[in-house]
Each structure stands twice: as structure tokens, then as C-alpha cells.
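Contents: one structure, followed by commentary.
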Amino acid sequence: DAPVSSVALRKSGDYVITLGTRFAALKWKEELVTTITEVDKDKANTRFNDGKVDPAGRYFAGTMAEEIRPAVLERHQGSLYTLFPDLSVVKHFDQVDISNGLDWSLDHRTFFYIDSLSYSVDAFDYDLQTGKIGNRRSIYKLEKEESIPDGMCIDTEGKLWVACYDGGRVIRLDPETGKRLQTVKLPIDKTTSCCFGGKDYSEMYVTSASDGMDKEWLSRQPQAGGIFKITGLGVKGVPPYPFAG
């Protein structure tokens, strides 16, 4: 009855998901979804977008307004939330346009976050004990041809990979220097997210969208909406953390 925007493993088995404006538990074999809690109750037209579990097992996920068409929406309607293992929820901040890519530094002292329409990758100081964030700053502003930052993940060298929506690429950034290190172009424009997988996490999986593309555009990019695998990057990813609740 609502879009599923992120999925996370659960320590006790099965999954937790974000569904519409709800954090929910998913039992795969039973095909059963049960609501854990709902957010944005004061808003009529928002939904969750990207989400990920932190190294302590907390589920971070943010919301955005329902889109009129891709990346066109009422501004500042979203917020960033954390679902704690005791199933309580904390709101970190609001006024978000499109809550998107998120991950943590290898030493767990920095939280990286994207609000897509700011065209920026941001960093926060992170307290692993409490899950609190603070001292927000921009570490990379996207170039015009890179377009809109979307999903994001980190590799074992501590570098960030960002999928560029309407940019048709994934870029690798050094969060310390703010420099772009690498660009991998894909045969589609609407690159939406990226993560590492495979036996040793050396393969990158990239999702894409076809929403909002007309027939002519789709005939030029028949693979739009597909999932791509990138090999030979020479780096590995970090396995996902399970939700501890």
C-alpha cells in the first residue's frame, strides 16, 4: 500500500524496512509486514526515502515530499530520523528536500549524508555511543555534469561512492580532501544508488530509474531502471550492519 524505500537486515532475523512513512518489520517467508512506528504524522504528503543501519545497529532513514515528477517536489518537507534498537524514534532535523545517501566513516566518528537538492555531500561529527550528530559541514559540492547526488556508500579505504541522478555516473570522493578521485560512467542517466556486494564485497551494484522518461528517451536508454554490476574497481566495500532491535 506504499513504496518501500530502504531495506535493512535484522539481527534477530528477517528485515526492517521503510514503507511510506513507516518503519516496519518484514518477515520474508510469511510475507508479513508489521508497522513498528510512523513518522511525519503532521505532514500529509511525505514518504521515506533512503535509509541505512549504523555500526551500533540503529536504523537511520529520512523523508521527503511526494514528487510531482522526479526531483520536482514541495521543498523542505523532509526530516532525518533514527529508529533505535528499543524501537524508539528520534528526529535529528527537518527542512530536508530529498533525504538521501548516508554512511559512516571507518572509525565511526563521522556520519556522511546527502540532501539531494543541496547538491552537496555533508559530514557530521558522530557519537557512536549515543547516535547523536552535530557540526554539519559540506565536504563536496557536485559539478554541473554530475547533477544530483543520490545514494552513497563507503569503501574499505574510507572513500565515498556517490550515485549521480541525471549524471549517469558514480563518483568516488575523498572526504578528507574534498576531491573527486574517480568517475565511473554508466549507459543510463538516472543513476540512483550504489552498494558493494559479491563474495568479498569487491563488486559494486548500481541501481537506476526509468521514472519520468518518455518513449524517445527510453529508446535511447533501454537499460534505464536496470541494476548494474561494476567489477575491477580494485576496492572493496564494508558489509552492512544489521538492525539491533
Side-chain angles (χ1 to χ4, degrees), residues 6 49-55 60 62 64 71 80 92-93 96-128 132-198 200-209 227-241:
S6 70
N49 198 39
D50 208 350
K52 198 171 279 182
V53 176
D54 84 345
F60 275 65
M64 59 184 278
L80 180 68
H92 295 283
F93 49 80
V96 174
D97 287 323
I98 301 177
S99 191
N100 235 322
L102 54 179
D103 219 325
W104 290 265
S105 61
L106 302 182
D107 66 4
H108 308 156
R109 292 169 70 168
T110 308
F111 169 58
F112 300 108
Y113 175 72
I114 290 167
D115 179 354
S116 289
L117 297 188
S118 70
Y119 298 91
S120 171
V121 180
D122 291 355
F124 294 79
D125 295 342
Y126 192 64
D127 185 336
L128 188 66
K132 285 197 171 117
I133 59 176
N135 185 27
R136 185 175 190 166
R137 60 229 178 245
S138 173
I139 54 166
Y140 184 80
K141 283 278 190 195
L142 273 77
E143 306 282 335
K144 196 175 185 340
E145 70 275 8
E146 290 166 350
S147 205
I148 302 172
D150 204 323
M152 171 170 63
C153 65
I154 199 162
D155 64 31
T156 54
E157 292 173 13
K159 308 298 188 277
L160 298 170
W161 293 82
V162 179
C164 300
Y165 185 81
D166 281 341
R169 66 193 71 192
V170 176
I171 55 175
R172 187 181 191 224
L173 309 175
D174 185 335
E176 299 294 314
T177 63
K179 297 269 188 297
R180 182 181 67 234
L181 305 172
Q182 199 175 343
T183 300
V184 181
K185 294 199 172 167
L186 287 103
I188 43 88
D189 290 331
K190 294 182 178 291
T191 334
T192 52
S193 195
C194 53
C195 69
F196 286 93
D200 59 354
Y201 292 93
S202 65
E203 300 165 351
M204 175 172 278
Y205 291 84
V206 180
T207 53
S208 69
I227 298 177
F228 298 84
K229 178 169 79 169
I230 302 170
T231 54
L233 286 172
V235 291
K236 293 179 180 179
V238 178
Y241 303 104

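No experiment lies behind these values; they were computed from the predicted model shown. Hydrogens, waters and symmetry mates play no part in the numbers below; they use all other heavy atoms, side chains included.
The residues Asp166 and Lys190 are annotated as salt-bridged, a charged nitrogen and a carboxylate oxygen being separated by less than 4.0 angstrom.
Side-chain atoms of Thr207 come within 3.5 Å of backbone atoms of Ser193 as a donor-acceptor pair (strictly under, hydrogens ignored).
Identified under the salt bridge (Lys or Arg N to Asp or Glu O under 4.0 Å) test for residues 103-121, with sequence neighbours left out: Lys52-Asp103. Pairs of residues two or more places apart, or lying in two chains, that qualify as salt bridge (Lys or Arg N to Asp or Glu O under 4.0 Å) and include a residue from residues 173-184 are Glu146-Arg180.
Taking the six-membered ring wherever Trp is involved, the centroid distance between the rings of Phe124 and His92 does not fall below 6.0 Å.
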Side-chain atoms of residues 228-239: list all donor-acceptor pairs with protein atoms under 3.5 Å, sequence neighbours left out, distances to 0.1 Å.
none

Distance-only donor-acceptor hits, side chain of residues 147-154, under 3.5 Å, sequence neighbours excluded:
from: Ser147; atom 1: OG; to: Tyr165; atom 2: O; distance (Å): 3.3
from: Asp150; atom 1: OD1; to: Asn100; atom 2: ND2; distance (Å): 3.0

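Residues that satisfy the salt bridge (Lys or Arg N to Asp or Glu O under 4.0 Å) test with Asp127, not counting sequence neighbours, are absent from this structure. Evaluation of the salt bridge (Lys or Arg N to Asp or Glu O under 4.0 Å) rule for Asp97 yields Arg75 as partners, not counting sequence neighbours.
By the 4.5 Å heavy-atom criterion applied to side chains, Tyr113 and Ile133 are not counted as neighbours. In this structure, the side chains of Phe111 and Asp54 stay at 4.5 Å or more apart for every pair of heavy atoms. Inter-residue side-chain proximity for Thr191 and Ser208 is flagged as unmet; no heavy-atom pair is nearer than 4.5 Å.
Taking every heavy atom of both residues into account, Cys194 and Met204 meet most closely at CB-SD, 4.0 Å.
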